[in-house]
Amino acid sequence: MANEHPRALIPALCRQFYDLGWCTGTGGGIAIRVDGIIYMAPSGVQKERISEADIFELDLDGQVLKAPATPGLKLTECSPLFFNAFRQRGAGAVIHSHSIEALMATVHFDTVFRVSHVEMIKGLRGYGFYDTVEIPIIANTARECELADSMAEAIDANPQADAVLVQRHGIYVWGKDWQQAKTQTECLDYLFRFADRMIQSGRSPIDVP
Ligand code: ZN
């Protein structure tokens, strides 16, 4: 299962996320933790073209253990935000998406995104079809690293949520491993798309059918 190593997984997942519109324009990213080492995609690069030689290795304090073999790469500004989920929730992986669906969710909703009665809700940890999903929304800042404190507060205040939306910016989603983080990001993106269509057609996304 050599291709399951984070150094192979991160480039493969970034290509998928690029095609989904989650990490175009060099934005977005992913970090995976295995055996106490955090593997992270670099900053400001074409996310669909990164290779195993471009990945950073960090410890849980955020110190770089191993810089990429490719010279000149920088650690991403979202590094402290990834670490919020690793430290506060013991996450095994964190995905940052600039999906337009996530953006529209932050435009339609003020401080909390809500949706209920959708089959895909069952893909989120601890939620069933009849439950109302609640994802906190925090204000964006001029620099990504300045989001760290407000994101940390939102994580503590919303123990049921494995995600934080950022106004007109995107979303951070995590899980116990990369599979759960990916599943939850996909399910949330679907729910954001559903909510957008419901609102566009004049209905509430928490309508009971
Ligand atoms: Zn971002």
Side-chain angles (χ1 to χ4, degrees), residues 6 9-33 38-50 54-56 58 62 64 68 73-89 91-113 135-155 158 161-175 178 180-193 195-196:
L9 271 171
I10 289 175
L13 291 171
C14 279
R15 280 192 290 279
Q16 286 184 23
F17 297 165
Y18 178 85
D19 289 340
L20 290 166
W22 295 0
C23 59
T24 54
T26 77
I30 180 169
I32 297 174
R33 174 167 73 171
I38 288 164
Y39 299 84
M40 200 175 287
S43 167
V45 297
Q46 306 296 322
K47 288 290 188 325
E48 79 282 19
R49 296 174 62 86
I50 62 172
D54 301 338
I55 307 296
F56 280 88
L58 302 101
V64 175
L73 293 178
K74 283 191 315 194
L75 198 57
T76 170
E77 280 227 341
C78 24
S79 175
L81 310 169
F82 287 137
F83 274 94
N84 280 344
F86 287 125
R87 292 188 188 119
Q88 291 173 262
R89 293 294 188 82
V94 188
I95 294 168
H96 176 42
S97 158
H98 281 188
S99 151
I100 195 78
E101 317 296 346
L103 256 69
M104 289 310 297
T106 73
V107 172
H108 288 313
F109 294 81
D110 187 16
T111 56
V112 182
F113 167 83
I135 306 295
I137 304 171
I138 60 173
N140 199 24
T141 52
R143 294 188 58 191
E144 194 138 14
C145 55
E146 293 167 353
L147 289 168
D149 290 347
S150 57
M151 180 188 171
E153 284 171 29
I155 291 173
N158 297 275
D162 285 347
V164 174
L165 280 158
V166 185
Q167 268 173 3
R168 294 176 177 259
H169 177 159
I171 189 167
Y172 286 85
V173 187
W174 54 89
W178 70 267
Q180 191 187 40
K182 176 174 175 286
T183 301
Q184 297 204 109
T185 312
E186 288 170 349
C187 288
L188 282 168
D189 211 63
Y190 180 103
L191 294 169
F192 297 149
R193 206 153 54 240
D196 182 59

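Indexing begins at 1, ligand by ligand and atom by atom, following the structure's order. Computed from a prediction, not measured in an experiment: that's the story for all the values here.
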Undergrad: Roughly how far apart are His108 NE2 and Phe113 CZ, rounded to 0.5 Å?
TA: 9.5 Å

Undergrad: Out of Ile30, Thr76, Ile38, which one pairs with Phe82 under the side chain to side chain contact (heavy atoms under 4.5 Å, CB included) rule?
TA: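 The side chain to side chain contact (heavy atoms under 4.5 Å, CB included) with Phe82 is passed solely by Thr76 among Ile30, Thr76, Ile38.
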
Undergrad: Say you draw a straight line from CD1 of Ile95 to SG of Cys23; how long is it, rounded to the nearest 0.5 Å?
TA: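 Result: 10.0 Å between the selected atoms.
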
Undergrad: Output, by chain and residue number, all protein N/O/S atoms separated from the Zn ion (ligand 1) by less than 2.8 Å.
TA: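 You should have found His96 NE2, His98 NE2, Glu144 OE2, His169 NE2.
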
Undergrad: List for me each residue that meets side chain to side chain contact (heavy atoms under 4.5 Å, CB included) alongside Arg15, sequence neighbours excluded, and say none if there are none.
TA: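 Here the qualifying residues are Pro11, Ala12, Glu48.
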
Undergrad: With a 4.5 Å heavy-atom cut-off, do Leu75 and Leu58 have their side chains touching?
TA: yes

Undergrad: Quickly, which of Phe17, Tyr172, Phe192 forms a ring pair (Phe, Tyr, Trp, His ring centres under 6.0 Å) with Trp22? Name it, please.
TA: Phe17

